[in-house]
Amino acid sequence: MTAIAGNSGAKLWAAYGAWLLERMVAMLDDLDRQITAALIRNGRASWRQIAEVLGQQERTVARRGKRLLASGEVRVHALANPTVVGENDAFLLRVFARPSAVRPIGEWLAQREDVLWASALAGASECVAEVFVPIERIGALLYEELAAVDGVDGFTVEPLVRYYRTVSGWRPDVLEPEQYQALAVDEDAALASQRRRPDRAVLDESNAALVGLLRGRGRATLEELSAGVGASKATVGRRLDALIRSGALFVRAVLDPATLGYPVESLLDLTCAPGSRDAVGATVAALPTTRWSAGTGERVLVQSAVAGLPELGELFERLHAHDGIRSIRSSLYAEIYKRSSTVYAGGILPPAEQS
C-alpha cells in the first residue's frame, strides 16, 4: 500500500467523489438517509419501530423504506456466521497481480463462498479480501487454487485475531447515538460471540433451513418464514431471535456508503505501539467513519468511509494524535466485487426482493 499523500490520482478521486456525492445527495433526502441508517443498525426492524425512533409516520417510513429496497440502493441480507459453518478462521488475504488481471481476480474471489468481501485497492495493483477457511486449508487455498489463477504475482495472508467493528455496527453521522441504541443493542455482544466461536449445534438442520430462506431476503416476514420451514410463527420468531443473539446469524444492510454521502472508501493499516492494539481498536471502532476493523499482530486494519479527501485527511490527523498509533498507511478502494457475501454485478449492487 502507499500513503495517500503519494497518490498521483488524488485530484481525479476528489473530482469523482464530489460528482458521486452530488448525485447521491440529490437522490436521497434526509429521511431516506435516516431510514437507511436505521436499516444498517437493525435490518429487520419493523417500519413501525423505525418510524417511532425517527419521529415520523409509519406510513411514510414504510413507503420510503420499500422504495429504497426496491431501487437496489439498499438490500437486507442474512448470513450465517462463517465461524459457525465449518471449522473456519478469519484471514485477510492480499493478492498482488498484473494491472490487467486485478478485475478478473477480484471477480474470482467474489464468487468464492469462503470470501465475505473483496475489493481492489488503488494504492497498488492488488485485491484484498476477508476469507474464512479452516487453518489447515490455507496451503491449498494459496498454492493450489490461487496460484493457478492467471495474473497472480504474489499474495499475503494474515489471521484476523480480533474484531473491533463489523459493518452491521457502523454508525454513520446520520442518527443520534440514542436512536441507534433504540433500534438495537450495541454490536459488542455479537462480536464477543464471534470471538469465542458460537456453538455450532445452534445451526442444526431446522435452523439451517431458516437461514437459507433469509439469505438475500433478510426482511422476510415471520409468516413467510413460517410457511417456508413448516413451523409456527412463534417458534420461528424464537429461533430467529436466538440465532441473532448468539452471534450465529448476521442480518446486514448491504449498500454503498456513497448512498449516505460517503463515497471515499479506504483501507487503513495502523501500526500500534506494543500492547496498545486493543486500545487503538476501541478508538477506531467508536468513529462514525469506521465500517469494519480487525486486529492482527500489533496492527489494526480499518475500512473507513468519508465524504471526501479533505475528510480523510482530518481522519488521519485525529488518528495520528492517538498515543498508541505509530504509523498510518492507506489505500483507496478502486472497485468493489463483494460486500457481506453479496456479489456485485459489473461493479453494481444487485437489487433483491424485500418485504
Side-chain angles (χ1 to χ4, degrees), residues 21 24-25 28-69 73-78 163-195 218-219 237 240-247 249-262 278-293 302-307 311 314-315 318-319 321-322 340 354:
L21 175 60
M24 288 300 183
V25 169
L28 299 183
D29 62 16
D30 287 344
L31 180 55
D32 286 335
R33 296 173 73 245
Q34 290 171 356
I35 294 170
T36 300
L39 290 173
I40 292 173
R41 184 63 162 182
N42 184 349
R44 287 190 58 80
S46 68
W47 300 127
R48 175 177 295 179
Q49 181 183 5
I50 294 175
E52 290 175 350
V53 169
L54 300 183
Q56 299 286 336
Q57 293 187 347
E58 180 182 352
R59 179 183 302 179
T60 300
V61 169
R63 174 173 52 82
R64 295 284 198 100
K66 290 178 180 178
R67 185 183 67 190
L68 283 168
L69 296 172
E73 294 292 343
V74 184
R75 61 180 292 177
V76 178
H77 178 73
Y163 284 84
Y164 302 107
R165 175 65 65 210
T166 63
V167 293
S168 53
W170 180 34
R171 291 171 291 183
D173 272 334
V174 176
L175 301 181
E176 297 297 327
E178 56 270 21
Q179 290 178 303
Y180 281 120
Q181 194 68 20
L183 287 161
V185 297
D186 195 66
E187 186 193 38
D188 290 346
L191 289 180
S193 297
Q194 186 178 46
R195 289 195 294 272
R219 289 184 62 82
L240 182 57
D241 288 342
L243 284 168
I244 294 173
R245 284 199 310 271
S246 72
L249 178 69
F250 299 142
V251 180
R252 292 179 171 174
V254 184
L255 69 152
D256 291 318
T259 302
L260 290 175
Y262 305 107
D278 287 347
V280 172
T283 296
V284 298
L287 296 175
T289 56
T290 298
R291 300 185 64 248
W292 175 97
S293 180
V302 186
Q303 287 185 1
S304 68
V306 296
E311 288 76 10
E314 292 171 3
L315 174 60
R318 183 171 184 175
L319 293 175
H322 194 291
S340 293
Q354 298 286 346

Counting only N and O atoms by type, is there a donor-acceptor contact under 3.5 Å from the side chain of [X] to the main-chain atoms of [Y]?
{"X": "Tyr180", "Y": "Pro172", "answer": "yes"}
{"X": "Gln179", "Y": "Val53", "answer": "yes"}
{"X": "Asp256", "Y": "Ala258", "answer": "no"}

Passes side chain to side chain contact (heavy atoms under 4.5 Å, CB included), Leu39 versus Arg219? Steps please.
CA-CA 10 Å; Leu39 290 173; Arg219 289 184 62 82; 3.5 Å; yes
Is the shortest heavy-atom distance from the side chain of [X] to the side chain of [Y] under 4.5 Å?
{"X": "Ile40", "Y": "Leu260", "result": "yes"}
{"X": "Glu311", "Y": "Tyr262", "result": "no"}
{"X": "Arg171", "Y": "Arg165", "result": "yes"}
{"X": "Val174", "Y": "Thr36", "result": "no"}
{"X": "Leu31", "Y": "Thr60", "result": "yes"}
{"X": "Leu240", "Y": "Arg44", "result": "yes"}

Taking only distance into account, with no hydrogens and no angle test, what donor-acceptor pairs under 3.5 Å do side-chain atoms of residues 278-292 form with protein atoms, sequence neighbours excluded?
from   : atom 1 : to     : atom 2 : distance (Å)
Asp278 : OD1    : Tyr164 : OH     : 2.5
Asp278 : OD2    : Arg162 : NH1    : 3.0
Thr283 : OG1    : Ala279 : O      : 3.1
Thr283 : OG1    : His322 : NE2    : 3.1
Thr290 : OG1    : Val284 : O      : 2.6
Trp292 : NE1    : Glu130 : OE1    : 3.4

Whether over 12 other heavy atoms sit under 6.0 Å from Arg48 CZ:
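Open.
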Answer yes or no: are there more than 12 heavy-atom neighbours, outside Glu178 itself, under 6.0 Å from its atom CD?
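More than 12 heavy atoms, drawn from other residues, nucleotides or ligands, come within 6.0 Å of this atom.
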Distance check, rounded to the nearest 0.5 Å: [X] atom [atom1] versus [Y] atom [atom2]?
{"X": "Gln34", "Y": "Gln56", "atom1": "CD", "atom2": "CD", "answer": "6.5 Å"}
{"X": "Gln181", "Y": "Leu183", "atom1": "CD", "atom2": "CG", "answer": "9.5 Å"}
{"X": "Gln49", "Y": "Leu54", "atom1": "CD", "atom2": "CG", "answer": "10.0 Å"}
{"X": "Asp173", "Y": "Glu176", "atom1": "CG", "atom2": "CD", "answer": "8.5 Å"}
{"X": "Glu73", "Y": "Leu68", "atom1": "CD", "atom2": "CG", "answer": "7.5 Å"}

Glu58 and Val61: CA distance, side-chain angles, deciding distance, side chain to side chain contact (heavy atoms under 4.5 Å, CB included) verdict:
CA-CA 5 Å; Glu58 180 182 352; Val61 169; 5.8 Å; no
Between Gly218 and Val251, what is the shortest heavy-atom contact and its length?
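Answer, listing the atom of Gly218 first, then Val251: O-CG1, 4.3 Å.
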Over all atoms of both residues, closest heavy-atom pair of Leu28 and Arg33:
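Between these two residues, the closest heavy atoms are CB-CG, 4.0 Å.
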Please say whether the positively charged group of Arg252, taken as NZ for Lys or CZ for Arg, lies over the ring of Trp170, i.e. under 6.0 angstrom from the six-membered ring centre and within 45 degrees of the axis.
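Not flagged: Arg252 not positioned over aromatic ring of Trp170.
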Begin with the C-alpha distance, continue with both residues' side-chain angles, and end with the deciding distance and a verdict on side chain to side chain contact (heavy atoms under 4.5 Å, CB included) for Arg41 and Leu175.
CA-CA 10 Å; Arg41 184 63 162 182; Leu175 301 181; 5.9 Å; no
Can Phe250 and Val167 be said to form a side chain to side chain contact (heavy atoms under 4.5 Å, CB included), step by step?
CA-CA 10 Å; Phe250 299 142; Val167 293; over 6 Å; no
